[in-house]
Number of protein chains: 2
Amino acid sequence: MMTSGDVESPFAMPGHDHASCIMTALDGAEAICARRGERLTPLRRRVLELVWRGHSPVGAYDILALLQSERGRVAPPTVYRALEFLCRQGLVHRLDSLQAFIGCGQPGNDGDGRHAAHFLICQDCGTAVEVRDGQLDGAISRLAGRTGFAIADETIELSGLCAACQS
Amino acid sequence: MMTSGDVESPFAMPGHDHASCIMTALDGAEAICARRGERLTPLRRRVLELVWRGHSPVGAYDILALLQSERGRVAPPTVYRALEFLCRQGLVHRLDSLQAFIGCGQPGNDGDGRHAAHFLICQDCGTAVEVRDGQLDGAISRLAGRTGFAIADETIELSGLCAACQS
DNA sequence: TTCATAACGTTATGTTATATCATTATCGAA
DNA sequence: TTCGATAATGATATAACATAACGTTATGAA
Ligand SMILES: [Zn+2]
Ligand SMILES: [Zn+2]
Ligand SMILES: [Zn+2]
Ligand SMILES: [Zn+2]
C-alpha cells in the first residue's frame with residue numbers, strides 16, 4: 001500500500017496492493033468520524049470507497065453513475081452531499097483544476113478538520129499525489145506574512161508528467 | 001495605476017486610476033500580439049477590456065451578458081473562444097478555484113507564451129492579485145526536482161482576507 | 001413516546017463549458 | 001484581381017458540473 005512517507009517518489013506504486021489502500025482509508029475514516037461524533041453512514045462510506053477506486057481524481061458524475069449502477073435511481077444531490085461531508089471531514093479533497101475528487105491519504109493529521117492539500121497531477125497516467133513540503137509551506141507562510149494576507153484556503157495543484165511517464 | 005513592483009502591498013490600490021490599468025493592458029496586448037503576429041481582433045480586444053473591468057475575477061457568463069447588452073445575440077462559444085485566445089497569449093488567467101478570469105498584469109515577461117501565475121484572492125472584497133515570489137518558485141522547483149516531476153502547469157491560488165479587509 | 005434534528009429522496013433548475021457545422025473575414029499566391 | 005487556404009466568428013444544440021427547494025425517513029435524546 002501507499003504510505004505517508006513516500007514523498008520522495010510518490011508516483012512509484014505500480015501494481016501495489018490497492019485493496020489495502022482502500023481498507024486503510026475506510027478504517028481510518030471510521031475511526032476519525034467515531035472520534036468526532038460524526039456519522040459515516042453506509043452511503044457516505046460507499047462514496048468514499050468509490051472515490052478510492054484508484055489514485056486518480058474521480059468526477060462527481062462518475063460516482064453518480066457507479067451508484068446508479070448498483071442502486072437504481074440516484075440523483076446528483078445524493079452524491080454532492082456525501083462528497084461535501086467527506087471534504088468537510090478532510091477525508092476527500094476536491095481538485096479545482098480538474099473539477100474532481102480524490103481520497104486523502106493523510107486524514108486527521110491536523111486536529112479535527114480538513115487540512116491544506118497540495119497535489120502533483122500527472123497528465124499522462126492521471127495519478128494525483130498529495131504532497132507535503134515544508135519549504136513550500138514556509139514560502140507560502142512568508143508570502144502571506146509579507147503581504148498581510150490571512151490565508152483561509154489553499155489551492156495548489158501542479159500538473160505535468162510524473163517520472164514514470166516522461167520516458 | 002498598478003505597477004508590477006507592488007508586491008509588498010498588492011491590495012493597496014483603493015481609488016486608483018483604473019482607466020490607466022485598462023489602457024496599459026490594452027496597449028500592452030496590442031504590442032505583444034503585433035510582435036507575435038497574432039490577431040487581437042475587435043472582439044478579442046473588447047473581451048480583454050471587459051475582463052479588465054476591475055481587479056476581481058470575472059465569470060465567462062458575466063462577459064457574455066455584457067457583450068449581449070451591447071451587441072444583441074451573442075453565444076457562449078464566442079466568449080470562450082476569445083478567452084481561450086487571451087489565455088493562450090498570457091493576457092488573461094483563469095482562476096480554477098473560482099471558475100473565473102482575470103487580466104494579467106505582467107504579460108509578455110516570459111518570452112513568447114503564458115507564464116505560471118500565483119494569486120492571492122480576497123474573499124471579502126473580491127480582489128485577486130497576481131504575485132511573484134522567488135521563494136515560492138524555488139520551493140516548487142525543488143519539489144519537482146526531488147520527485148522527478150516535470151511541471152507543465154501550475155494552479156496556485158490562496159484565498160483569504162487581504163490586509164484591508166481584516167479589520 | 002415524542003420531539004428535534006440530521007440524512008436522504010426527489011424534482012427542478014442553475015451554472016459553466018464544448019461539439020458541430022455554417023458563414024464571413026483575411027491574406028498570400030497565382 | 002481572383003482564387004484558395006486558413007483563421008475567426010455566428011449559430012444551434014448539448015454536455016458536464018452543481019445547487020435550490022421541499023418532502024420523507026432515520027436517528028437519538030428528552
Ligand atoms: Zn492504492
Ligand atoms: Zn504519470
Ligand atoms: Zn486598476
Ligand atoms: Zn479584501
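Throughout, protein chains are lettered first and strands after them, A, B, ... in sequence-line order, and every chain is numbered starting at 1.
The shortest heavy-atom contact between B/Phe101 and B/Val92 is CB-CG1, 3.9 Å.
In this entry the distance linking CD of A/Gln89 with C1' of C/dA7 reads 14 Å, nearest Å. Separating the CD1 atom of A/Ile63 from the P atom of D/dC17 is a distance of 11 Å, rounded to the nearest angstrom. As a whole-Å value, the separation of B/Leu40 CG from C/dA25 P is 19 Å. Nucleotide C/dC8 holds its P atom 15 Å from the CZ atom of A/Arg46, rounded to whole Å. Atom P of nucleotide C/dC8 and atom CZ of A/Arg71 are separated by 9 Å, given to the nearest angstrom. If you measure from atom CG of A/Leu64 to atom P of C/dG9, you get 12 Å, rounded to the nearest angstrom. To the nearest angstrom, P of D/dG10 lies 13 Å from CZ of B/Arg73.
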Begin with the C-alpha distance, continue with both residues' side-chain angles, and end with the deciding distance and a verdict on side-chain hydrogen bond (donor to acceptor under 3.5 Å, both in side chains) for A/Gln106 and A/Arg132.
-> CA-CA 10 Å; A/Gln106 301 94 38; A/Arg132 306 197 108 179; 4.8 Å; no
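No side-chain donor-acceptor contact under 3.5 Å links B/Arg142 to the backbone of A/Gln135. Between the side chain of B/Ser56 and the main chain of B/Gly126, a donor-acceptor pair closer than 3.5 Å is present.
In this structure, B/Arg46 pairs ionically with B/Glu70, as a charged nitrogen and a carboxylate oxygen lie closer than 4.0 Å.
In this structure, A/His93 has its ring center under 6.0 Å from that of A/His115.
Its side chain within the 4.5 Å cluster rule, A/Phe119 clusters with A/Leu95, A/Leu98, A/Ile102, A/Ile121 among the Ile, Leu, Val, Met, Phe, Trp and Tyr residues.
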With the criterion being N/O to N/O and under 3.5 Å, what pairs connect the protein with nucleotides 3-8 of chain D, and how long is each?
residue: D/dA8; atom: OP1; partner: B/Arg44; partner atom: NH1; Å: 3.1
residue: D/dA8; atom: OP1; partner: B/Arg44; partner atom: NH2; Å: 3.4
residue: D/dA8; atom: O5'; partner: B/Arg44; partner atom: NH2; Å: 3.4

Under 3.5 Å, N/O pairs linking protein and nucleotides 16-23 of chain C:
residue: C/dA17; atom: OP1; partner: B/Arg94; partner atom: NE; Å: 3.3
residue: C/dA17; atom: OP1; partner: B/Arg94; partner atom: NH2; Å: 2.1
residue: C/dA17; atom: OP2; partner: B/Tyr80; partner atom: OH; Å: 2.8
residue: C/dA17; atom: O5'; partner: B/Tyr80; partner atom: OH; Å: 3.4
residue: C/dA17; atom: N7; partner: B/Tyr61; partner atom: OH; Å: 2.5
residue: C/dA17; atom: N6; partner: B/Tyr61; partner atom: OH; Å: 3.4

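Around the CZ atom of A/Arg71, the shell of radius 6.0 Å holds more than 12 heavy atoms that belong to other residues, nucleotides or ligands.
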